[in-house]
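Everything below concerns the one structure shown next.
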Amino acid sequence: MKKEMVIEPYLPPEIITNILKRLPVKSLIRFQCVCKDWKNLFKTQSFISEHSRHSTYQNPYLIFQCNGCECNPRHLCLMNRYMQILEYPTLPFTDSSMDPCRIVGSSNGLICLEFMRSKSYMLWNPAIREAFQVPEFKSLKFPRFRVSSFIGFGFSPIVNDYKIVKVFICCGWRDDLVYQVTVFSLSTRSWKEVKLGKLEGIKPFTTGYGFAFDGVIFWFGFAYVEKNGICMLSFDIATEVFTLIPFPRPAVLEDDNRLTAYEHKLAVLNNNRIENTIDSWVFNLWVMEKCIDASGERWNWTKIYTSNPYLYCACLLSPPSIWKNEIFWESDAFRSYFGEANVTVNNDEEDDEKLVLCHLHTNEFKMLATTEPLLMPEVWNYAESLVSVCNIHIGASSS
Amino acid sequence: MSSSVEAITVLSSDGDEFKITVSAAKLSKPLNWMLEDVCFSDDCDEVPTIEVNSKTLVKVIEYCEKHAPRANSGASDSDAEELKKWDIEFMKMDVKDILFHILMAANYLHMEGLYDLACQTAADLMKGMTVSQIRKIFHIKNDFSSEEQEQLRRQHPGCSFD
């Protein structure tokens, strides 16, 4: 073989882009100082989308909101895919900062916050430390017997836009009825009213936050329609149309159900605790897939997992969530139920909070200790993104 | 092409001859086309040239031979796990000396698996580098004026131009 000096190659731009899209946002912020081309590249729509897509699949985070921490409702924890709790991004400081807030949803890098007292909203990108205070909608109707509202937040890749949808319910003659639906779009930065559509005349009876998946926001165990019984409700972010989806089995209202995503499919975690004994409690995972045939659009439901985690963990506090291939809870009192061979503990300090993970392929339970008190956290899937909401820039003081 | 052929001979850009098994060559679309187009039987003199230098081609062929059995038959979880570990070891190489050449070769040979792996390796290496190190390996000149640098630094306190 000939001995030759290897000449350093100049990589073509498409290869450089393919490498850069794999970097965490923190590195990209640093590397915008490399040259003007890179700085401009990081602002292009195509690069931001590619980076988001990669970060969603390759670098999933979990965000916890610690509702139990009364003293600091803004305290958030972030866990990376190696289960290290990394950063504690501080919520943006604004005028309404004394107003307690909750996370409505996390979608494609942005988090939507609802301020509980003022009922105002904020869109927040923690990775690039930008937040946008959503303006008020000026044409809200105020019927005599307004009772409640429910809300959802999500991203649609089809229209490349983030939207908040808010449904208002009033007390009707016999039932509570939907009377107004408003939608906020980040691209136009404004609210508008949309048609009730399928919501006309139905009786919704929950006030939860919607779950955004693949451009659609879903609410669970929701609308009551005479023929269908319990339905799920969906809102297509691109077309702004509501759809009712029949529930997979005779609905049991006592069940604790939660929407999630599993292997890029919409899924329902169903926590059935109807029986009195802990031995008979079951935990099911259903996945649903949309199929279109001659009779129109249908959803196929498949139960892919059943287990009884209570045999391992006496007390599961938080609502469960799916993260990668694992079901995720918080627990504080599993000790007495130990002794099973397939339970591993990463840290045996007894006073620590514990996170419980159950692997869906191997059915293996894992306990993970955290030094931070979590206390009934709400858990959201999160992926870093460069998407700019561009209005309030949160300075170095919050780091 | 005769079905009895199990390995083909190719030339690197520096003119060295390399043998690659047919199943390994199938990992690359252009090599696969060559298999279909060019006569590789013994009485054929034509040896196709691949525009990749010898040092890089050795590594590319090593990757192909390792991944070919799995790509052709599908593998169990434990095999996939083993292969992942092998990939990590395989990618322990110098950025400028060889990694960038592997990137170019994987791109040119349409080898998706190797291309993804090499891009990810490069990204992981970049995370720990300073801005001036990045400029050096990518042959980039700092084209910001001092005012622009100052402005960027104000916007992003974590930024450094060094």
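Since the model is a prediction, treat every value here as computed from it, not as a measurement. Reminder, nothing fancy here: chain letters follow the sequence lines and each chain counts from 1.
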Please tabulate, for the side chains in residues 106-113 of chain B, all donor-acceptor contacts under 3.5 angstrom to protein atoms that are two or more places apart in sequence or on a different chain.
from	atom 1	to	atom 2	distance (Å)
B/Tyr108	OH	B/Glu51	N	3.2

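Rounding to the nearest 0.5 angstrom, the gap separating the CG atom in A/Asp37 from the CZ atom in B/Phe138 is 13.0 Å. Note: B/Cys119 SG to A/Ile19 CD1 = 5.0 Å, rounded to the nearest 0.5 Å. Between the CZ atom in B/Arg135 and the CZ atom in A/Phe31 there is a gap of 10.5 Å [rounded to 0.5 Å]. Separating the NZ atom in B/Lys127 from the CZ atom in A/Arg30 is a distance of 11.5 Å, to the nearest 0.5 Å. In this structure, B/Arg153 CZ and A/Cys33 SG are separated by 7.5 Å, a value rounded to the nearest 0.5 Å. Separation of atoms CG (A/Leu20) and CD1 (B/Ile134) is listed at 8.0 Å; rounding is to 0.5 Å.
Between A/Leu23 and B/Ala123 the shortest heavy-atom distance is CD2-O, 3.3 Å.
Within the 4.5 Å cutoff, the side chain of A/Ile15 has no heavy atoms near those of the B/Phe100 side chain. Side-chain contact check for A/Pro12 versus B/Met104: some heavy-atom pair is nearer than 4.5 Å. The shortest distance between side-chain heavy atoms of B/Lys141 and A/Val34 does not fall below 4.5 Å.
Of the atoms belonging to B/Asp124, not a single heavy atom falls under 4.5 Å from chain A.
Using a 4.0 Å cut-off between a side-chain N of Lys or Arg and a carboxylate O of Asp or Glu, A/Lys39 and B/Asp143 do not qualify as a salt bridge.
Enclosure of atom NZ in A/Lys36 by more than 12 non-hydrogen atoms of other residues, nucleotides or ligands within 6.0 angstrom is indicated.
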Apply side chain to side chain contact (heavy atoms under 4.5 Å, CB included) to residues B/Asp116 and A/Arg22 and explain how you reach the verdict.
CA-CA 10 Å; B/Asp116 269 353; A/Arg22 294 155 199 269; 2.9 Å; yes
